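Reading through the structure tokens given below for one structure.
Note that the structure is a prediction, hence the values are computed from the model and not measured.
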Amino acid sequence: MLSERQRMILSAIIDDYVRSAEPIGSRSISKRGDVAFSPATIRNEMSDLEEMGFLEQPHTSAGRIPSHKGYRYYVDHLLQQGALGPHDLDAVKLMFAERIQEMEDVIQHVASMLSGLTNYTSIVLGPEVFSTTLKHLQIVPLTDTTAVAIIVTNTGHVDNKTVTIPEGMPMAEIEKVVNLLNARLKNVPLLQFKSKLYNEIAKELSSYISGYEELIGVVESVLENDEKDRVFLSGMTNMLIQPEFKDVDKVKNILDLLDQTPMLLKLVAPGSAGIEVKIGSENSIEAINNCSLITASYSLGDQPIGTIGILGPTRMEYGRVIGLLNHLSRHLEVALGRWYGK
């Protein structure tokens with residue numbers, strides 16, 4: 001358990017480090033008006049905080065920086081979520097005052113506004129991505145080697161894509177696969193589609209259709225296209241301006257992840273209502289082990305149906321980001337209530 005003095009010093013270090021991105025020394029903390037301790041006292045407490053794992057000391061500096069454990073303690077015990085500034089409030093108010101005709105446009109506007117206000121990367125999942133189910137799948141041949149694959153969902157959304165038919169596969173075989181998929185996957189949420197496709201249906205197909213793997217790959221490619229229409233990203237390159245990510249390989253791994261829709265869906269699937277903060281290695285995907293991901297689920301009635309997320313460095317303005325996500329999620333729920341009559 002941290003003493004009150006240690007809590008105050010840890011909070012001051014994190015606040016200063018978030019602003020400066022430079023290791024913080026005892027003398028700079030002692031000059032703060034809200035800290036009434038000598039540099040020697042602060043230095044001793046910083047050593048203890050480092051020993052307990054809340055601070056780290058970069059090899060090239062005498063100052064300290066927060067560890068992932070330090071950030072977690074800060075978010076859980078020290079964070080004071082202040083009121084949003086006029087600029088943030090006006091931006092949100094203006095966006096929801098616009099006459100936007102499509103819900104997809106609302107979600108895209110939210111993603112763009114969030115990345116612009118925070119200079120981090122925003123990930124927003126539209127409300128349909130978790131509730132959309134398969135109504136019908138069809139593959140219509142165009143030539144001996146090409147066909148149009150069509151997916152129709154329960155919401156009336158129709159997606160189609162020209163695909164290459166596996167060489168030597170007769171249309172009768174393709175029809176067998178399509179009939180099986182329609183029988184087994186009708187009313188299955190699209191997010192569960194791939195799992196069932198590979199874990200259940202592929203085994204059944206393997207027993208009586210040769211070359212089924214290629215055809216399943218074709219179906220999967222159509223589904224991926226459908227998913228991408230419902231995942232909205234903005235500010236993907238904002239990581240490049242963060243001093244923590246001068247290492248090109250780190251940034252490349254993050255950008256590669258952001259291009260993988262199934263991984264994004266796994267990262268920000270809506271859970272219980274409210275804010276969730278994952279710091280550093282708490283994220284299940286190694287590519288963002290040096291990042292923080294803050295998400296807010298938004299609901300229709302009592303059912304969480306979508307997510308607003310912010311991905312940035314662990315040196316993040318946690319209070320402001322959490323405030324923005326709370327504010328935006330509430331406005332989205334009001335907008336959804338108007339659109340869907342709940």
Side-chain angles (χ1 to χ4, degrees), residues 2 6-29 31-32 34-35 42 46 49-50 52-82 84-85 88 114-123 234-255 257-258 267 275-283 285-296 309-325:
L2 298 186
Q6 288 170 333
R7 289 160 62 95
M8 183 180 295
I9 289 170
L10 177 61
S11 182
I13 289 171
I14 291 177
D15 288 343
D16 283 3
Y17 183 62
V18 166
R19 283 192 291 268
S20 70
E22 296 290 340
I24 307 300
S26 57
R27 183 168 294 278
S28 65
I29 295 297
K31 292 178 180 178
R32 288 175 55 119
D34 57 344
V35 176
I42 295 170
M46 288 172 70
L49 287 167
E50 182 181 359
M52 289 185 282
F54 293 99
L55 297 177
E56 297 173 347
Q57 184 173 24
H59 295 301
T60 57
S61 170
R64 308 297 203 286
I65 63 173
S67 66
H68 293 172
K69 181 180 178 180
Y71 283 122
R72 170 48 62 193
Y73 189 90
Y74 175 80
V75 169
D76 290 345
H77 302 289
L78 306 176
L79 183 65
Q80 295 182 349
Q81 186 186 320
L84 294 177
D88 293 339
L114 263 179
S115 65
L117 288 175
T118 62
N119 284 327
Y120 304 136
T121 300
S122 64
I123 308 168
S234 186
M236 289 178 66
T237 58
N238 281 348
M239 289 293 182
L240 299 173
I241 65 175
Q242 305 296 338
E244 293 91 332
F245 297 109
K246 292 177 181 176
D247 184 333
V248 175
D249 289 334
K250 282 184 182 178
V251 177
K252 182 179 182 302
N253 289 337
I254 295 169
L255 295 179
L257 170 66
L258 293 175
L267 269 179
I275 298 288
E276 185 174 12
V277 181
K278 293 183 179 177
I279 299 169
S281 56
E282 295 172 1
N283 291 295
I285 299 175
E286 186 178 353
I288 56 170
N289 277 179
N290 290 306
C291 300
S292 284
L293 175 67
I294 305 180
T295 57
I310 285 289
L311 182 68
T314 52
R315 183 188 55 83
M316 184 185 283
E317 290 183 274
Y318 291 95
R320 179 166 173 258
V321 170
I322 289 171
L324 272 171
L325 292 180

Which distance, rounded to the nearest 0.5 Å, do you find between the CZ of Arg315 and the CD of Gln242? 5.5 Å

Which pair of heavy atoms, one from Ile13 and one from Arg64, lies closest together, and at what distance? CG2-O, 4.3 Å

Here the gap from Ile29 atom CD1 to Asp16 atom CG, rounded to the nearest 0.5 Å, amounts to 4.5 Å

Taken to the nearest 0.5 Å, the spacing of Glu50 CD from Gln57 CD works out to 5.0 Å

Determine, stepwise, if the pair Arg27 / Lys31 fulfils side chain to side chain contact (heavy atoms under 4.5 Å, CB included). CA-CA 7 Å; Arg27 183 168 294 278; Lys31 292 178 180 178; 3.8 Å; yes

Can you give me the closest heavy-atom contact between Cys291 and Asn283, atom names plus distance? O-ND2, 3.2 Å

How far apart are the closest heavy atoms of Asp34 and Met8, and which atoms are they? O-SD, 3.6 Å

Quick check: do Leu258 and Ile123 have side-chain heavy atoms less than 4.5 Å from each other? yes

What are the two closest non-hydrogen atoms of Gly312 and Met239, and how far apart are they? CA-CE, 3.6 Å

Sub-4.5 Å side-chain heavy-atom contact between Asn253 and Glu286: no

Examine distances only and state if a side-chain atom of Glu282 and a backbone atom of Leu293 form a donor-acceptor pair shorter than 3.5 Å. no

Sub-4.5 Å side-chain heavy-atom contact between Pro66 and Tyr74: no

Out of curiosity, Ile14 CD1 to Thr314 OG1, how far, rounded to the nearest 0.5 Å? 9.5 Å

Which label fits Tyr71 and Tyr318: parallel for a plane angle under 30°, tilted from 30 to 60°, or perpendicular past 60°? tilted

Kindly give the heavy-atom pair with the smallest separation between Val18 and Met316, and that separation in Å. CG2-O, 3.6 Å

Rounded distance (nearest 0.5 Å) linking atom OH of Tyr73 with atom CG of Leu10: 8.0 Å

Can you tell me how far the CD atom of Glu56 sits from the CG atom of Leu49, to the nearest 0.5 Å? 12.5 Å

Kindly indicate whether the side chain of Ile65, heavy atoms from C-beta on, has any atom under 4.5 Å from the side chain of Pro58. yes

What verdict does the side chain to side chain contact (heavy atoms under 4.5 Å, CB included) test give for Ser292 and Tyr120, after you've listed the backbone C-alpha separation in whole Å, the side-chain angles of each residue and the deciding distance to 0.1 Å? CA-CA 10 Å; Ser292 284; Tyr120 304 136; over 6 Å; no

So do Leu2 and His77 actually touch side chain to side chain, heavy atoms under 4.5 Å? no

Looking only at heavy atoms, the pair that brings Gly235 and Thr121 closest together is O-OG1, 2.8 Å

Quick one: do Leu325 and Leu114 satisfy side chain to side chain contact (heavy atoms under 4.5 Å, CB included)? Show the steps, please. CA-CA 9 Å; Leu325 292 180; Leu114 263 179; 3.8 Å; yes

Between the side chain of Lys278 and the main-chain N/O of Leu267, is any donor-acceptor distance below 3.5 Å? no

Among Thr118, Ile279, Ile275, exactly one meets side-chain contact (heavy atoms from CB on, under 4.5 Å) together with Ile294. Which residue is that? Ile275

